[in-house]
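Encoded as structure tokens, the structure appears first; notes follow it.
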Amino acid sequence: MIANGPRSAPFVFAIDIETACAVKDCPHYGKAMCANDHSLSPWHSEITVIGVVREQDAYASGQPKVYRPEQVFRGDSDGFRHFYQHFYALTQLGGSFTAHNGKFDVLHLSQKIPHMAQMLLNFWSSDTALNAFVWTDKVPPEYLDWYADNKPKESRKAGPHSLKTLAPYLLKVPAFWEVEDKDDDEYVLKDTRYTLQLHKYLEQHMPADQLAFVTEKLLPWTKMLVEAELRGLKLDVAGLLAYRAELEKTEAELKAQLDVLWSDAHLAYQSIMMHEVHKRYELMKDTKAREPRRQVALSRVPTSVSYDSPAQMSWLLGTFYGYDIRSLEGDESTGKEVLIRLASEGKDDVATFLKWRKTQKVLTAFIPSLLALKDAKDGVHPIYNPMGARTGRLSCERPNAQQVPKELKKFFKPLKGKLIGYDQAAIEAKLIAAYTEDPALLDVIASGDSIHNVNTTAFFALDCQPSEVPELYPRQRKASKNVGFALFYHAGANRIRVAITQGGFPISLNDAKRMHKNFLAKFTTALSYAKEVVAELEGGGVIPNLLGRPIKIQNPQDAYMQGFNTLIQSSASDINLDRMHSALGALRAKGIEAYPILTVHDYAGIEVVGDDVCVRLADAVISKELTNMSLPTTNSCITLEVDGGVSDVWN
DNA sequence: TTTCTTGGCGCG
DNA sequence: AAAGCGCGCCAAGAAA
């Protein structure tokens, strides 16, 4: 079965897999569409079907093939073996493969057939979804609307980079949608065949530089992400549970305090609700049925205000206690901004509520999902999506490693080795400086100072040196830091007002306007360059970012707010991935056992397995590679710097 | 009953 | 005319 003959001309075949929920006690067990997303996770799913299609050409005798690999649903225990043999034979003939979002297929296949993992990465040569995502010539919105309107009710919506959208639009094949039962030869083969056709189409129609960015950069980075997902991290479950117990105690105490502080509000709320029930039932014609139903409704009236409900809290704080819950933007809200202001005005109940919210957030949004997502060995496998953000940044889910609170990071550990992690220092400031060559900004970078210090002197009209700010005006600096880089991206005076006020310096809008002026005067060059970028993008232009990713704003009206930010954000993100990828390559070239395990926008985390000497060497290699790039400017260049080091846990 | 939207908030 | 940008997850409430 394994071909030994001479290699034929290189060719591309397509693969596609379907998966189903394999969690026995999940209501969606066995289904392709699982509301709990089990079918999307290799640690909770089974592969039901694999489709393989190669082009029918001179050297091909290959028919489209379908494999049913797993015993659970089909009883075909030889499926994986047959798939492997076919795959191997194709690669021997000179084949490499394409897929639509191949990260999904490669991840699942690698997890189920570990000995194929390296081979899958080696022979994955094209990805139609990545290509379509990067391609600046998008499917027009009118087509997307038409497509959404004609979608059968039960099907999932097809996104702009979905095969279901791209194949009909670009290849002019009949429209098709996702089906409930994907465990079907025709369905899989249609997807696989269209993927192959789409691959050909995109190779022919995409600009060469855009295609090259995917092939040379984005695809290799994406392969690194597959490795990170497969490896994952280990949860310190005992530590996490202990911490949860602590938090639960705190939460209960805070809630008890609030219940007392607000007992009159709870009573009032209950009586209002009851009153409404009575009113509703007075209108009911059928007087015989009325009473029993009224009693049921009354018994269901909540006895207290729910602290989880923004609407109810708005009633409690705004209506009942008469607090001014208008945000600085002018609209009513129970968000942090308002609460911090009220607390600083001496409202102790609000201060307690703020603490409760913070505790509640960690207790509900993070800890339970981490415990639910862990695999049998306490492993968690954050899944990255290189197409998840318009800017080219990664998004991340199940769990989202990008939003783990600082306090929980220490419960994430590398599987076996040490975690060597580094942040890119001030990458956003450096990129703005490199792009705009603003003298003031270049100065800040060259002197190793922070933009926040300069902002502080500008905002508060201080006459000290920026470097003296942390020493002399720490509180002002903290407030200024709240503004961050927003002003480079067209934030206004009101944003300054909110940020500085939140930082403990209540200021008027006029104060903020003066601060804004000071800022604009300080960085005129940067801002005028940003303006040029915006003008180009507003005209529908394409600008390559620092790594060659083509940047285009689909809706030109958005270019004013998004344009410059997109250029900077995408560059920062791409630099981080590029450096991390390079670090990994350098480690492996030295024979060091290393795994990519974390990436968070400007942070790269690599697990290294080995003795102390090995880890020290790895640390040197990593910090060298992560900074092994300079941002060129006309007269000099800006070097990268990183903060971090070796640790047993994240952080 | 399920699905979608909103407000809120964690992170960069 | 005025506007920081980019995500995912949770609970409540509305819509279906």
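A, B, ... follow the sequence lines: proteins, then strands. Residue 1 opens every chain. Note that this is a predicted model, so its numbers are computed, not measured.
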Stacked cation flag Lys234(A) on Phe412(A), 6.0 angstrom / 45 deg
no

So for atom NZ, which belongs to Lys481(A), do other residues, nucleotides or ligands contribute more than 12 heavy atoms lying within a distance under 6.0 Å?
no

In this structure, CG of Leu233(A) is separated from CG of Asp378(A) (nearest 0.5 Å) by 12.5 Å

Any side-chain donor-acceptor pair under 3.5 Å between Thr334(A) and Arg357(A)?
yes

Considering only heavy side-chain atoms of Lys336(A), the closest of dC9(B), dG4(C), dC7(C) is dC9(B)

Ser508(A) and Arg497(A): side chain donor to acceptor below 3.5 Å
no

Options dC5(C), dG12(B), dC11(B), nucleotide nearest the side-chain atoms of Asp602(A):
dG12(B)

By the 4.0 Å heavy-atom rule, please label Thr566(A) as base, sugar-phosphate, or nothing.
nothing

Test: Lys138(A) cationic atom under 6.0 Å from Phe133(A) six-membered ring centre, within 45° of axis:
yes

Return the value, rounded to whole Å, for the distance between atom CD of Gln312(A) and atom C1' of dT6(B).
15 Å

With distance as the sole criterion, is a donor-acceptor pair present between the side chains of Arg390(A) and Thr566(A) under 3.5 Å?
yes

Using five pairs at each end of the helix from dT1(B)-dA16(C) to dG12(B)-dC5(C) to define an axis, what is the angle between those two axes, to 10°?
10°

Indicate, with a heavy-atom threshold strictly under 4.0 Å, whether Ser333(A) touches base, sugar-phosphate, or nothing.
sugar-phosphate

His28(A) has an atom NE2; how far is it from atom P of dT3(B), in whole Å?
7 Å

Interatomic distance, Phe564(A) CZ vs dC5(C) P [rounded to whole Å]
15 Å

Can you list every pair that meets side-chain hydrogen bond (donor to acceptor under 3.5 Å, both in side chains) and has a residue in residues 534-557 of chain A, with sequence neighbours left out?
Asn545(A)-Ser570(A), Asn545(A)-Asp574(A), Arg549(A)-Asp574(A)

To the nearest Å, how far apart are Met387(A) CE and dG6(C) P?
19 Å

For DNA chain B, find the residues of residues 350-369 of chain A with a heavy-atom distance under 4.0 Å and give them by number; none if there aren't any.
Arg357(A), Lys358(A), Lys361(A), Phe366(A)

Counting any heavy atom closer than 4.0 Å, what does Val404(A) reach on the DNA or RNA strands: base, sugar-phosphate only, or nothing?
sugar-phosphate

To the nearest angstrom, the OH-C1' distance between Tyr560(A) and dC5(C) comes to 14 Å

Short side-chain donor-acceptor distance under 3.5 Å, Thr391(A) and Gln569(A):
yes

Does dG13(C) have its OP1 or OP2 closer than 4.0 Å to a side-chain nitrogen or oxygen of Ser309(A)?
yes

Does the side chain of Gln569(A) get closer than 4.0 angstrom to OP1 or OP2 of dG12(B) through an N or O atom?
no

Run the ring-ring contact (aromatic ring centres under 6.0 Å, His included) check on Phe564(A) and Tyr435(A) step by step: do they pass?
CA-CA 10 Å; Phe564(A) 190 57; Tyr435(A) 265 106; 7.3 Å; no

Rounded to whole angstroms, how far apart are CD1 on Ile568(A) and P on dC5(C)?
15 Å

How long is the line joining CD of Gln502(A) and C1' of dG8(B), in whole Å?
13 Å

Can a donor-acceptor pair be found between the side chains of Asp643(A) and Tyr603(A) at a distance below 3.5 Å?
no

Whole angstrom value for the distance that separates P of dG7(B) from CG of Leu339(A):
15 Å

Give a yes-or-no answer on whether the side chains of His381(A) and Asp375(A) include a donor-acceptor pair shorter than 3.5 Å.
yes

Below the 4.0 Å mark, does dG6(C) have OP1 or OP2 next to a side-chain nitrogen or oxygen of Arg393(A)?
no

From the list dC7(C), dC11(B), dA3(C), which nucleotide is the closest neighbour of the side chain of Met561(A)?
dA3(C)

Comparing Gln403(A) with Glu329(A), nearest DNA chain C nucleotide closer to 5' gives the residue Glu329(A)

In a table with atom names and distances, give each donor-acceptor pair under 3.5 Å that connects a side chain of residues 514-527 of chain A to protein atoms at least two apart or in another chain.
residue, atom, partner, partner atom, Å
Arg514(A), NH2, Asp511(A), OD1, 2.6
Asn518(A), ND2, Ala458(A), O, 2.9

Does anything in residues 522-550 of chain A come within less than 4.0 Å of DNA chain C? Heavy atoms only, and list the residues if so.
none

Answer yes when Arg326(A) and Asp324(A) have at least one side-chain N-carboxylate O distance shorter than 4.0 Å, and no when they do not.
yes

For DNA chain C, what residues of residues 394-402 of chain A have any heavy atom nearer than 4.0 Å?
Ser395(A), Cys396(A), Glu397(A), Arg398(A), Asn400(A)

Any side-chain donor paired with an acceptor under 3.5 Å for Tyr307(A) and Asp259(A)?
yes

